[in-house]
Structure formats: C-alpha cells, structure tokens
Amino acid sequence: MQQPDRYASYSSLRFNRPAERVLEVVMAGKEGRLPTTDHVMHRELAEVWRDIDADPDVAAVILRGEGKGFSAGGDFSLVESMAGDFNALTRVWKEARDLVYNVINCSKPIVSAMHGPAVGAGLVAGLLADISIAAKTARIIDGHTRLGVAAGDHAAIIWPLLCGMAKAKYHLLLCEPVSGEEAERIGLVSLCVDEADLFPKALEVAQRLAAGSPTAIRWSKYALNNWLRQAGPTFDASLALEMLGFNGPDLREGVASHREKRPPDFAKTVPL
C-alpha cells in the first residue's frame, strides 16, 4: 500500500525533488510577495527538519525562498500577538528554540540558497545550513534591535563563530545589512554567486552531498555541530531575553515605527 506523503500537511512550504535523493524546500510567498513568517510558517519551519531527518528518500536538502527574496521576516500579526498573549509568546519561544536545534540536529546536510532580502526565521535556517550560498544581490539583515528586542533567534549561536565577535556585534547591534559579497568576504556564508547561478550551484552542491558517503557526511556534520551545541546556553539566554523584550515599551515603538515607515524614537521609552 502506498504510504502517505509526509509533507502533505504543510501549507506554507512547498516541496520538490529536483534530483535523486535531493529535497527542495521552498518558503512560499503569498500573492507574489516575499515569504513572510506568520504563525503557520514559523511552526512549519521548526517542524519540517524532523520530518526530513526521518525521510529515507532524502540525502540532502536545498532551502530557498520564492519570488524576489529569501525571506521577509516576521509578520506583524505574529509579533503583536506575542506582545499581548502569554500563550502565543511561549508557543513562539518554543518554536524558535526548536527551529535552531532541529536544524542543528537534522542528520541530512542542508544547503541554503539566499537571494534578495534574507531576514527573520528564514534567515535562521539559511545561516545555520551546512552549506550557505548567497547571491551577490542578497541582503542579509538581523533586524531585532531595530524592532526593539534582543538579537535572539540564531544570532548569538552562529554569527560570532562565522564572522568573529567584532563583525557580529557591528551587524547585530546596528542592524547593518550584509550583501552577499560581503557575507562571503567575512565568512558569514560559504559561497557567493551571481543570482542566475544561485539555484544551479545549490543543486550541484546538494547532488554532490547526496552522492557522498551518508555516514561520513552525517557523522562529520554531527561532530562539527558540537561547536554550536556548546554555545547552546548562550543561545538560550539570547532567546529568553528576546522574548522578554516583547513585553517592553521598545517593542511597541519599534512596531509603530515600522508601520508608520519612520525611524524609531526609543528615547520615548523608559530607560533602564
């Protein structure tokens, strides 16, 4: 009897099999817009890596965004629900934690293909991927402090390891964008290519991984990711502090400034 498709229940992610034993995961945008992390996509991005890990027909994964960019960050409805609902806040906190650890613990090698804006939960998986490939036109931004919350998600666990503490603090504290070319130069991503070559290169890398020794590649990934597991307490603290900020006045000003398309005025809020 034919087994049901293990990915059939996903609605915000699309799945293709572009080559033998290679699974493509596409973060879908609505009505031609950039992929935006709403309640559904946030949950599915956290869960999908467990299904991939258990899929015997997958030996390598490609993660990409649909349309004009890789990911556009969190939907404001998600952000505002966290600010006003303790249950929503704790649910998203758990999903954000699971997203990071599930990517790290997924035994299958992951290749990310980032173009255009790369922000938010999509960026978490994009930079934690085993091989991260950015188009020259990619614009990588960790926008947490601009929103008025600590740089949680993946930032503290991976940026200092990839590009060093000085560069990590510069980009994370100031929300300074990183182009694809600059990201490769400072070691934030594995490779940078022309946008037209992005998916072909990601597919080539994924096929090479899929054709390699499964035990050698997966066990090497497991051992290397112990560097990230050692940073687990740092990540856990950063994520908890980010969640704490969702109940603060800076978050309200950050959201208002985004909606009103103006710079935030954090001087309005109560200082520590």
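Every heavy atom of this structure was used, including side-chain atoms; hydrogens, water molecules and symmetry mates were not.
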For the residue pair [X] and [Y], confirm or rule out a side-chain donor-acceptor distance under 3.5 Å.
| X | Y | result |
| --- | --- | --- |
| His42 | Glu95 | yes |
| Ser213 | Arg218 | no |
| Asn105 | Arg229 | yes |
| Asp5 | Tyr10 | no |

Under-4.0 Å salt bridge between [X] and [Y]:
| X | Y | value |
| --- | --- | --- |
| Arg259 | Glu80 | yes |
| Asp57 | Arg21 | no |
| Glu24 | Arg17 | no |
| Lys108 | Asp55 | no |

Is [X] linked to [Y] within one hydrophobic cluster, defined over Ile, Leu, Val, Met, Phe, Trp and Tyr using a side-chain heavy-atom separation of less than 4.5 Å?
| X | Y | answer |
| --- | --- | --- |
| Leu63 | Val111 | no |
| Val26 | Val22 | no |
| Trp159 | Leu228 | yes |
| Leu172 | Leu161 | yes |
| Ile131 | Ile104 | no |

Side chain of [X], backbone of [Y]: donor and acceptor closer than 3.5 Å?
| X | Y | result |
| --- | --- | --- |
| Ser132 | Ser190 | yes |
| Asn102 | Arg50 | no |
| Asp38 | Met41 | yes |
| Asp153 | Val124 | no |
| Asp85 | Ala88 | yes |
| Glu181 | Lys136 | no |
| Asp98 | Ala46 | no |
| Asp265 | Ala267 | yes |

How long is the gap from [atom1] on [X] to [atom2] on [Y], to the nearest 0.5 Å?
| X | Y | atom1 | atom2 | answer |
| --- | --- | --- | --- | --- |
| Leu127 | Ile140 | CG | CD1 | 5.5 Å |
| Ser71 | His115 | OG | NE2 | 10.0 Å |
| Leu251 | His144 | CG | NE2 | 10.5 Å |
| Leu198 | Leu203 | CG | CG | 11.0 Å |
| Ser112 | Arg64 | OG | CZ | 13.0 Å |
| Phe266 | Glu253 | CZ | CD | 6.5 Å |

Indicate yes or no: at least one non-hydrogen side-chain atom of [X] is less than 4.5 angstrom from one of [Y].
| X | Y | answer |
| --- | --- | --- |
| Met27 | Glu66 | no |
| Asn247 | Phe86 | no |
| Ile157 | Val100 | yes |
| His171 | Ile186 | yes |
| Tyr7 | Leu13 | no |
| Val119 | Asp142 | no |

What are the two closest non-hydrogen atoms of [X] and [Y], and how far apart are they?
| X | Y | value |
| --- | --- | --- |
| Val149 | Gly245 | CG1-C, 3.7 Å |
| Ala19 | Gln207 | CB-NE2, 3.4 Å |
| Val178 | Ala183 | CG1-N, 3.5 Å |
| Cys163 | Leu188 | SG-CD1, 4.2 Å |
| Ile217 | Pro109 | CG2-CG, 3.9 Å |
| Ser11 | Val40 | OG-CG1, 3.4 Å |

What do the steps show when you test Ser257 against Arg146 for side chain to side chain donor-acceptor pair (under 3.5 Å), and what is the final call? CA-CA 9 Å; Ser257 69; Arg146 167 64 176 79; 2.7 Å; yes
Test log, rule side-chain contact (heavy atoms from CB on, under 4.5 Å), inputs Val25 and Ile52: CA-CA 10 Å; Val25 181; Ile52 290 169; 4.0 Å; yes
Ile110/Trp49 under side-chain contact (heavy atoms from CB on, under 4.5 Å): CA gap, chis, key distance, verdict: CA-CA 10 Å; Ile110 302 164; Trp49 309 105; 3.6 Å; yes
Step by step, would you call Lys221 with Cys106 a side-chain contact (heavy atoms from CB on, under 4.5 Å)? CA-CA 9 Å; Lys221 171 178 176 170; Cys106 178; 4.2 Å; yes
Row check, Trp93 ring normal vs Arg97 NZ/CZ: under 6.0 Å, within 45°: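 Yes - Arg97 lies over the ring of Trp93, closer than 6.0 Å to its centre and within 45° of its axis.
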Worked verdict on Tyr101 versus Asp236 for side chain to side chain donor-acceptor pair (under 3.5 Å): CA-CA 11 Å; Tyr101 286 123; Asp236 292 339; 3.0 Å; yes
Quick one: do Val189 and Ile133 satisfy side-chain contact (heavy atoms from CB on, under 4.5 Å)? Show the steps, please. CA-CA 6 Å; Val189 299; Ile133 307 175; over 6 Å; no
Crowded around Glu20 CD? As in, over 12 foreign heavy atoms under 6.0 Å?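 No, because the 6.0 Å sphere around CD of Glu20 holds 12 heavy atoms or fewer from other groups.
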Output, in order, the C-alpha distance, side-chain angles, deciding distance and verdict of side chain to side chain donor-acceptor pair (under 3.5 Å) for Ser81 and His39. CA-CA 10 Å; Ser81 71; His39 286 276; 3.3 Å; yes
